[in-house]
Amino acid sequence: MKQENTQYFLNTAMKGGVIVAVTIFLQVIIGFVTQVALTRMLSPEIFGQVVFAASVAMFFNAFSNLRGDVYVIHHKGSAKDAVDVAFTLELLMALFFVTIVFFIAPTMMSLLDKSEQTIYVQILAIAFLYNPLSRPRCILERELSFFQSKFPTILSQVFASIISISLAFNGYGVWSLLCWRLLPLFGEVLILWIITPYRPKLRLDNKHAVSMMYLTWPLVGSAILAFVCYNIDYFIVGQFLEDGIKQLGYYWLGFQAAAYALMARQVLHEVLFPIFSRMENDKFKGQAFLRFSKAVAGVFLILTILAVSFGRDIIIYIYGMQWEPAIFPFQVIFIVVLMRAIIANIGYYLYSSGNTRTDFVSALLSSILLIPSVYFGVIYFGINGAAVAVLVVQIIVSSIIYEWYIRPMVGYGVFYFLFWPLVISGLTFALAYISDSLQLSIFIRLALVSILFIMTYFSVLRSVLSDLKLAFNLLRSQQKNQLST
């Protein structure tokens with residue numbers, strides 16, 4: 001019976017992973033098309049204004065998000081009681097911080113010498129309400145209703161994209177981008193409240209409140225540090241460069257265009273975490289972790305080779321010549337995406353063993369190193385220096401995490417996981433720089449990419465493909481045995 005339950009759970013997790021994968025694919029397509037349309041119609045300065053305002057406003061959102069969804073999904077008792085308390089506490093926190101931002105924004109933005117963006121910060125603070133209002137999703141996720149929990153996101157994104165592009169086409173500039181950020185959130189909330197089997201109610205309970213805070217406070221702390229890690233470069237670029245808002249627009253595009261590939265981590269989380277959690281043999285779990293890490297490294301190395309090698313063509317021909325300064329950050333940040341994709345497997349592996357400290361340690365180290373590194377990078381080398389600083393800090397932090405947490409568990413450290421990805425991605429960047437400088441023909445560039453693919457195959461992918469072939473043969477053998485019996 002235990003084996004059947006485990007198999008049922010894994011099958012459900014895999015099906016859920018497929019649903020999440022399709023959802024993320026559609027999100028990427030919709031987001032990419034909308035992004036291209038808006039960058040073709042709006043200037044880098046307009047994007048920079050919204051990005052800077054968001055980096056200020058959304059910092060407070062990290063404090064208001066108490067991660068009630070985690071508590072509801074993990075709670076063993078009544079889901080309705082848990083979601084009621086989570087909804088109430090987070091709604092109170094959201095309203096509190098919306099009020100705080102509304103009143104302090106004028107003074108805060110005046111001190112930053114950006115008073116004209118005060119209204120944008122205040123409007124973006126409305127997004128704080130998304131966290132409590134989206135908690136009906138917890139009920140659906142708890143019941144493993146993956147489709148019902150995900151399709152509101154797609155519908156709301158389509159609607160928001162149409163509205164935002166229409167506004168940009170009619171000359172509404174910044175307001176079209178604000179709509180692009182806010183409409184998907186509240187469109188999703190509206191659909192969730194229509195389809196959910198249970199709508200949360202205002203309710204306070206000391207027992208639930210204490211249990212929830214005990215479970216989620218480390219996650220809240222990690223989220224605050226993570227926000228700093230992922231946004232401090234935006235703030236520094238926008239605040240300390242002479243034409244910071246315009247440069248921030250370029251930097252944002254380079255970062256976001258690369259970051260689309262990182263959304264695939266959500267699929268890995270939906271599939272790998274349940275699988276690791278069900279593995280009771282630590283040795284087998286460690287071997288699976290090594291294989292998954294190789295597979296992820298191989299897939300993202302292929303994406304990195306293509307993106308970095310043809311980064312100039314991607315930016316200029318898709319987004320337009322006005323975005324040319326985003327080319328270098330795009331190429332560097334894609335290597336950062338490669339690093340983050342590989343190291344993401346650590347979380348899924350350690351969570352399954354009950355170790356949740358790595359996120360906090362990683363975020364803390366990154367925060368300490370990023371602020372001075374990005375600052376000096378921006379001061380001396382502009383947005384290109386910011387991108388390089390983010391990459392260097394990512395490599396340092398990843399190396400520390402592998403040596404501190406992974407080597408004692410599986411016997412391998414940073415060299416095993418990151419040597420070939422760093423060598424091949426670094427070589428790719430160097431060859432791309434030479435190709436662009438010398439304006440080499442497309443045939444020579446394709447030949448260089450082919451060589452890089454061959455290196456990736458022999459250094460990373462060959463063992464992955466061998467594992468896939470072995471798994472396929474084993475599955476086919478099992479099917480034949482079932483048919484024969």
Side-chain angles (χ1 to χ4, degrees), residues 19-55 57-58 61 117 119-131 133-134 136-137 140 146-196 248-250 252-264 266-267 314-323 326 330:
I19 293 173
V20 174
V22 172
T23 302
I24 290 175
F25 175 76
L26 292 175
Q27 283 182 268
V28 169
I29 296 300
I30 297 168
F32 176 74
V33 171
T34 306
Q35 185 185 74
V36 171
L38 293 175
T39 53
R40 287 284 183 172
M41 290 186 282
L42 304 176
S43 66
E45 290 92 339
I46 292 177
F47 280 90
Q49 289 177 17
V50 175
V51 173
F52 188 86
S55 70
M58 300 311 289
N61 184 53
Q117 295 185 31
I119 185 63
Y120 307 148
V121 173
Q122 292 170 325
I123 290 174
L124 287 168
I126 299 173
F128 299 176
L129 297 171
Y130 170 77
N131 292 322
L133 294 177
S134 64
R137 185 199 309 278
L140 299 171
F146 293 105
F147 177 77
Q148 289 89 336
S149 69
K150 299 300 180 184
F151 90 87
T153 304
I154 301 300
L155 291 182
S156 61
Q157 276 204 327
V158 171
F159 173 76
S161 295
I162 293 173
I163 298 297
S164 301
I165 292 173
S166 300
L167 289 173
F169 182 77
N170 287 282
Y172 285 93
V174 171
W175 300 102
S176 64
L177 293 183
L178 292 173
C179 286
W180 189 33
R181 289 189 68 99
L182 294 176
L183 285 181
L185 304 180
F186 294 102
E188 179 183 340
V189 164
L190 177 62
I191 298 171
L192 280 172
W193 279 72
I194 292 174
I195 67 171
T196 183
L248 180 56
Y250 294 132
W252 171 86
L253 180 70
F255 206 109
Q256 290 300 311
Y260 274 121
L262 205 57
M263 294 180 70
Q266 296 180 37
V267 183
I314 292 171
I315 297 298
I316 290 179
Y317 292 113
I318 294 179
Y319 295 101
M321 184 63 72
Q322 67 169 331
W323 294 97
F330 170 76

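Predicted, not measured: the structure shown is a model, and the values here were computed from it.
- In this structure, Leu133 CG and Phe128 CZ are separated by 13.5 Å, a value rounded to the nearest 0.5 Å.
- Residues forming a side chain to side chain contact (heavy atoms under 4.5 Å, CB included) with Leu26 (at least two apart in sequence, or on another chain): Val22, Ile154.
- One distance of note links CD1 of Ile191 with CZ of Phe159; it measures 9.5 Å at 0.5 Å rounding.
- Across every non-hydrogen atom of Tyr317 and Arg40, the tightest pair is O-NH2, 2.9 Å.
- Take Gln256 and apply the side chain to side chain donor-acceptor pair (under 3.5 Å) test, not counting sequence neighbours, and it matches Tyr234.
- A distance of 12.0 Å separates CZ in Phe186 from SG in Cys179, rounded to the nearest 0.5 Å.
- Interatomic distance, Asn61 CG to Asn131 CG, rounded to the nearest 0.5 Å: 5.0 Å.
- Arg181 contributes no side-chain N or O that, together with a main-chain N or O of Ala54, makes up a donor-acceptor pair within less than 3.5 Å.
- In this structure, the ring-ring contact (aromatic ring centres under 6.0 Å, His included) partners of Phe52, at least two apart in sequence or on a different chain, are Phe235.
- Nearest heavy atom pair, residue Gly173 against residue Leu42, reads CA-CD2, 3.7 Å.
- For the side chain to side chain contact (heavy atoms under 4.5 Å, CB included) test, residues two or more places apart in sequence or in another chain that qualify with Ala258 are Phe330, Ile333, Phe334, Val337.
- Looking at Thr196, its side chain never comes within 3.5 Å of a backbone N or O of Trp193 through a donor-acceptor pair.
- For the pair Phe32/Val36, a side-chain contact is recorded, criterion being any heavy-atom separation below 4.5 Å from C-beta on.
- The shortest heavy-atom contact between Ser176 and Leu38 is OG-CD2, 4.5 Å.
- Leu248 places none of its side-chain heavy atoms less than 4.5 Å from the side chain of Phe47.
- Once rounded to the nearest 0.5 Å, the distance linking CG of Leu253 with CH2 of Trp323 reads 5.0 Å.
- The backbone N or O of Pro184 sits less than 3.5 Å from a side-chain atom of Ser156, completing a donor-acceptor pair.
- Annotation: side chain to side chain donor-acceptor pair (under 3.5 Å) contacts of Gln322 (sequence neighbours excluded): none.
- Taking Gln35 as the reference, Tyr319 meet the side chain to side chain donor-acceptor pair (under 3.5 Å) condition, with sequence neighbours excluded.
- Under the rule for a side chain to side chain contact (heavy atoms under 4.5 Å, CB included), the partners of Leu185 that lie at least two apart in sequence or sit in another chain are Ala127, Tyr130.
- Residue pairs meeting the side-chain hydrogen bond (donor to acceptor under 3.5 Å, both in side chains) criterion with at least one member in residues 157-175, sequence neighbours excluded, are Thr34-Ser161.
- With a 4.5 Å cut-off on side-chain heavy atoms, Tyr120 and Val174 count as touching.
- Put simply, the side chain of Leu167 does not reach to within 4.5 Å of the side chain of Trp180, judged on heavy atoms.
- In plain terms, the two heavy atoms of Ile195 and Pro152 that are nearest each other are CD1-CG, 3.9 Å.
- Judged as a side chain to side chain contact (heavy atoms under 4.5 Å, CB included), and not counting sequence neighbours, the contacts of Ala259 are Phe255.
- The CG atom of Leu183 sits 7.0 Å away from atom CD1 of Ile163, with the distance rounded to the nearest 0.5 Å.
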